Amino acid sequence: MKTFPMFIDLADRTVAIVGGGEQAAQKARLLLKTEADLALIAPELDDELSGLVRKGRARHVSAVSDRETLSEARIVFVCTGCAGADAAIAAEAKSLGKLVNVVDRPDLCDLITPAIVDRDPLVVAIGTEGAAPVLARQVKTRLEEMLEPRLGDLVSLAGRLRDAVARRISKDKRRVFWRWVFNEAPRRMFASGREQEAARLLKAAIEAGGPEAPEVEQKGLVSLVGSGPGSADLMTLRGVQRLQEADIIFYDRLVDPGVLELARRDAERVFVGKRHGSALEWPQSRINGVIVAAAREGKRVVRLKSGDPLVFGRAAEEAAACEAAEVDWEVVPGVTAALAAAAEARLFPTDRGATRHLVLTTGASPEGAAEPDLAGMARPGVTLAVYMGVRSSAETQANLLRQGAPEDAPVTIVEGAESRGGRRLHGALGELSDLVKREGVKSPAMVFIQWPDPQRAAFAAERLAAS
Ligand code: SAH
């Protein structure tokens with residue numbers, strides 16, 4: 001980080017804007033959101049800025065530059081519209097020890113104005129250090145969608161009630177209370193314009209020492225959350241929400257660090273990854289034990305797994321452990337590796353023409369034996385998506401050929417889908433294991449074998465020709 005994000009208290013402090021045209025007006029519009037004393041330094045002001053002065057929202061200092069106003073300012077914006085003047089005034093302000101923002105001159109700036117999502121008092125500032133303003137705007141648009149317009153009013157109300165909450169609600173229940181405020185009925189009511197009803201509900205809950213609704217009792221919950229195949233932007237919104245609410249997160253080896261960044265900052269993070277052949281430190285039974293124990297303490301537990309928790313993710317064992325301990329659990333789906341890899345390789349696992357069935361299978365058996373039992377699953381019209389299929393590729397190849405799959409059935413291997421340095425390899429079933437060896441394919445990788453249905457393919461070709 002070259003620049004560090006901070007919020008500056010500008011209430012009743014002077015902010016100098018040097019310039020009287022459109023650029024100065026843009027800065028003024030932004031700063032009108034604050035309670036700053038706006039000093040517009042310019043020989044002349046345009047209509048918009050003069051209007052502000054008439055309304056008493058800003059004052060006019062009639063000069064090209066004014067040392068006195070600059071020295072009393074907390075921060076200085078320079079936007080005269082003339083590059084030479086801008087540089088000179090910026091130098092003068094800096095010599096007075098001021099932090100300066102100069103329009104369109106990042107090299108002269110001590111301060112960069114971020115893109116802002118304003119739900120005052122909730123304010124989100126987005127910056128890219130000037131590297132990608134378009135991206136900053138995209139992020140802003142997403143946040144604007146996420147944060148409903150009236151949210152600021154709810155945040156203000158929360159601020160006004162903080163003392164009352166501190167007095168009446170015991171410390172251990174406070175987080176649950178605020179979670180309820182921002183996740184449940186009060187937020188929904190505010191969003192739909194029932195502010196007064198929401199305020200009454202909130203006050204009643206404070207009076208009663210906490211919200212009454214059973215849904216907000218401090219009850220532990222284990223969420224088995226799919227983090228997708230790698231990139232954080234393939235997480236579901238629900239998954240992100242669970243990360244934001246989590247007290248503790250147990251995560252796997254293939255989970256992208258970017259996903260953990262989405263978690264509440266003070267959520268505890270525990271790595272429980274299993275490396276191939278060294279599952280000793282975190283055997284499944286130990287993982288089951290720790291997630292259940294945390295939930296029993298009333299914690300919100302996220303068990304974060306790569307891809308989708310239900311696909312070769314041992315979700316069944318963890319859910320069973322929760323059931324046995326009478327702990328609530330849920331599954332939050334994620335994008336499974338097969339589908340992310342197919343998307344990346346532009347492979348169509350089902351295709352009306354040639355493949356009508358998609359089989360998700362694995363090259364690793366629970367006993368550790370390599371050879372998967374593919375009998376009956378492989379036949380014309382099937383796409384096999386083999387998880388953990390690198391080590392057993394020779395067996396898979398032999399197995400399928402034995403069942404009559406054609407040597408030239410297309411094979412696609414996607415190594416490290418959604419990650420930097422990922423690869424896509426194409427070949428035929430007859431050379432699957434050679435391909436794996438020759439290219440030194442490493443885990444994690446998805447192996448696809450497509451056994452097209454010749455009849456359907458012919459039918460599709462005819463249909464295409466006819467159309
Ligand atoms: N629950 C996960 C699968 C876990 S098993 C899911 O739904 O995706 C681990 C196997 O998934 C790996 O051996 C590999 O075959 C596959 N896999 C996981 N992430 C992958 C990635 N980024 N690229 C390719 N394959 C991946």
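Computed from a prediction, not measured in an experiment: that's the story for all the values here. In each ligand, atom 1 is the first atom listed, and ligand 1 is the first ligand listed.
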Peer 1: Please indicate whether any nitrogen or oxygen in Pro309 is less than 3.5 Å from any nitrogen or oxygen in ligand 1.
Peer 2: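 No; the residue has no nitrogen or oxygen that sits under 3.5 Å from a nitrogen or oxygen of the ligand.
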Peer 1: With heavy atoms only and a cut-off of under 4.0 Å, state how Val414 meets ligand 1: side chain, backbone, both or neither.
Peer 2: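 Contact part for Val414 vs ligand 1: backbone (N, CA, C, O).
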Peer 1: For Phe448, check ring pair (Phe, Tyr, Trp, His ring centres under 6.0 Å) against everything at least two apart and list the hits.
Peer 2: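 Residues passing ring pair (Phe, Tyr, Trp, His ring centres under 6.0 Å) with Phe448: none at all.
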Peer 1: In the protein, which heavy atom is nearest to atom 11 (O) of ligand 1, and how far is it?
Peer 2: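 Minimum-distance protein heavy atom for atom 11 (O) of ligand 1 reads Tyr387 CD2, 3.4 Å.
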Peer 1: Are a donor atom and an acceptor atom from the side chains of Ser227 and Tyr251 found within less than 3.5 Å of each other?
Peer 2: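 Not at all, the side chains of Ser227 and Tyr251 share no donor-acceptor pair under 3.5 Å.
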Peer 1: Should the pair Arg238-Glu330 be classified as a salt bridge under the 4.0 Å nitrogen-to-oxygen rule?
Peer 2: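 Judged by the 4.0 Å cut-off on N to carboxylate O distance, Arg238 and Glu330 do not form a salt bridge.
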Peer 1: Looking at Arg179 and Asp247, is any side-chain nitrogen of the basic one under 4.0 Å from a carboxylate oxygen of the acidic one?
Peer 2: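 Looking at Arg179 together with Asp247, the answer is yes, because their closest N to O distance falls below 4.0 Å.
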Peer 1: Among all protein heavy atoms, pick the one closest to atom 4 (C) of ligand 1 and tell me residue, atom and distance.
Peer 2: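 Sorting protein heavy atoms by distance from atom 4 (C) of ligand 1 puts Phe312 O, 3.5 Å first.
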Peer 1: Are any of the N/O atoms in Val311 less than 3.5 Å from those in ligand 1?
Peer 2: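 Among all N and O atoms of Val311, at least one is under 3.5 Å from an N or O of ligand 1.
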Peer 1: What verdict does the side chain to side chain contact (heavy atoms under 4.5 Å, CB included) test give for Leu157 and Glu195, after you've listed the backbone C-alpha separation in whole Å, the side-chain angles of each residue and the deciding distance to 0.1 Å?
Peer 2: CA-CA 10 Å; Leu157 178 64; Glu195 286 100 338; over 6 Å; no
Peer 1: Heavy-atom contact check, 4.0 Å cutoff: does Lys305 meet ligand 1?
Peer 2: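 In this structure, Lys305 fails to qualify as a contact of ligand 1 - no heavy atom is under 4.0 Å.
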Peer 1: Would you call Lys2 and Glu129 a salt bridge, taking side-chain N to carboxylate O under 4.0 Å as the test?
Peer 2: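 No salt bridge links Lys2 with Glu129.
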Peer 1: Is there a polar contact, in the sense of an N or O pair closer than 3.5 Å, between Ala445 and ligand 1?
Peer 2: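 Yes; the residue has a nitrogen or oxygen that sits under 3.5 Å from a nitrogen or oxygen of the ligand.
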Peer 1: Counting each atom of ligand 1 from 1 as listed, which ones have a heavy atom of Pro229 under 4.0 Å away?
Peer 2: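 Contacts of ligand 1 toward Pro229, numbered from 1: 22 (N).
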Peer 1: May I ask you to identify, for Ser306, whether its side chain, its backbone, both or neither come under 4.0 Å of ligand 1 on a heavy-atom basis?
Peer 2: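 Ser306 to ligand 1: contacts from backbone and side chain alike.
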Peer 1: State whether the shortest distance between N or O atoms of Ala337 and N or O atoms of ligand 1 falls below 3.5 angstrom.
Peer 2: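 It does: an N or O of Ala337 is found under 3.5 Å from an N or O of ligand 1.
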Peer 1: Okay, side chain of Thr362, backbone of Met388: is any donor-acceptor separation there less than 3.5 Å?
Peer 2: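 No; judged by distance alone, with no hydrogens or angles, the pair does not exist.
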Peer 1: For the atom pair CD (Glu22) and NZ (Lys27), what is the distance rounded to the nearest 0.5 Å?
Peer 2: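 Spacing of CD (Glu22) from NZ (Lys27) equals 11.5 Å.
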Peer 1: Could you tell me whether Arg168 and Glu207 have a side-chain N and a carboxylate O separated by less than 4.0 Å?
Peer 2: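 Looking at Arg168 and Glu207, the cut-off is met.
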Peer 1: Among all protein non-hydrogen atoms, which one is nearest to atom 22 (N) of ligand 1, and what is the separation to 0.1 Å?
Peer 2: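 Checking every protein heavy atom, the shortest distance to atom 22 (N) of ligand 1 gives Ala417 O, 2.9 Å.
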Peer 1: Looking only at heavy atoms of Ser419, does any of them come nearer than 4.0 Å to an atom of ligand 1?
Peer 2: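 Distance cut 4.0 Å: Ser419 fails for ligand 1.
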Peer 1: Take every heavy atom of Ala341, measure it against each atom of ligand 1, and state whether any distance is under 4.0 Å.
Peer 2: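 Ala341 does not count as a contact of ligand 1 under the 4.0 Å cut-off.
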Peer 1: Is there a nitrogen or oxygen of Thr336 sitting under 3.5 Å from a nitrogen or oxygen of ligand 1?
Peer 2: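 In this structure, Thr336 places an N or O atom under 3.5 Å from an N or O of ligand 1.
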Peer 1: Asp308 versus ligand 1: do any nitrogen or oxygen atoms come within less than 3.5 Å of each other?
Peer 2: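 So ligand 1 has an N or O lying under 3.5 Å from an N or O of Asp308.
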Peer 1: Could you label the plane-to-plane angle of the Trp180 and Phe177 rings as parallel, tilted or perpendicular, counting under 30° as parallel and over 60° as perpendicular?
Peer 2: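 Plane angle between 30° and 60°, so tilted.
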Peer 1: Would you check whether Met388 has a nitrogen or oxygen atom less than 3.5 angstrom from a nitrogen or oxygen atom of ligand 1?
Peer 2: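 Yes - when backbone and side-chain N and O of Met388 are compared with those of ligand 1, one distance drops under 3.5 Å.
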